[in-house]
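These values consider heavy atoms only, across backbone and side chains, with no hydrogens, waters or symmetry-generated copies.
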Amino acid sequence: MTTDGKPRELTRNEVIWMYKIMFTSRLIDDAELRLARQPQGNNKVLFQINGCGHEALGVAIASAINPGDWVFPYYRDRALLLARGYPPY
């Protein structure tokens with residue numbers, strides 16, 4: 001936000017960074033889903049809740065808060081954590 005309370009324009013680099021975070025989050029979700037759907041006995045993931053559709057919200061929150069602000073993520077907040085610098089593994 002600008003000082004007058006209006007939203008500011010995002011730079012090209014900011015938009016690319018946001019897209020990369022959202023895309024990475026979706027790729028991880030897809031990989032978990034593939035692991036969860038393996039035949040019985042070979043399951044590497046026994047419980048998986050997909051965060052598809054929540055990527056943009058997580059990136060937006062991470063972009064709007066300050067670096068020292070606390071967040072209390074839940075299972076669909078992978079994009080928020082990635083945007084805050086947490087590793088994807």
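- When all heavy atoms of A56 and M22 are compared, the pair lying nearest together is CA-SD, 3.4 Å.
- Cluster annotation: I28 is connected to M18 through the hydrophobic network of ILVMFWY side chains, with a link wherever side-chain heavy atoms come within less than 4.5 Å.
- L82 CG to F23 CZ: the interatomic distance, rounded to the nearest 0.5 Å, is 13.0 Å.
- Cluster membership for V71 and Y75, using ILVMFWY side-chain heavy atoms within less than 4.5 angstrom, is not shared.
- Ion pairing between E55 and R76 fails under the 4.0 Å rule for side-chain N and carboxylate O.
- Between W70 and F72, the ring-plane angle classifies as tilted under the 30° and 60° cut-offs.
- The two residues I65 and R84 have their closest heavy-atom pair at CD1-NH1, 2.7 Å.
- Atom CD of E9 is separated from atom OG1 of T11 by 10.5 Å, given to the nearest 0.5 angstrom.
- Atoms NZ and CG, on K20 and L27 in that order, are 13.0 Å from each other to the nearest 0.5 Å.
- Side-chain heavy atoms closer than 4.5 Å link hydrophobic residues (I, L, V, M, F, W, Y) into clusters, and following such links, possibly through other members, connects V15 to W17.
- Of the possible donor and acceptor atoms, none in the side chain of E32 sits under 3.5 Å from a partner among the backbone N and O of D30.
- Atoms CZ and OG, from R78 and S25 in turn, are 5.5 Å apart once rounded to the nearest 0.5 Å.
- For the side-chain contact (heavy atoms from CB on, under 4.5 Å) criterion with I21, the lone passing option out of L80, V59, I16 is V59.
- Of the possible donor and acceptor atoms, none in the side chain of D29 sits under 3.5 Å from a partner among the backbone N and O of N50.
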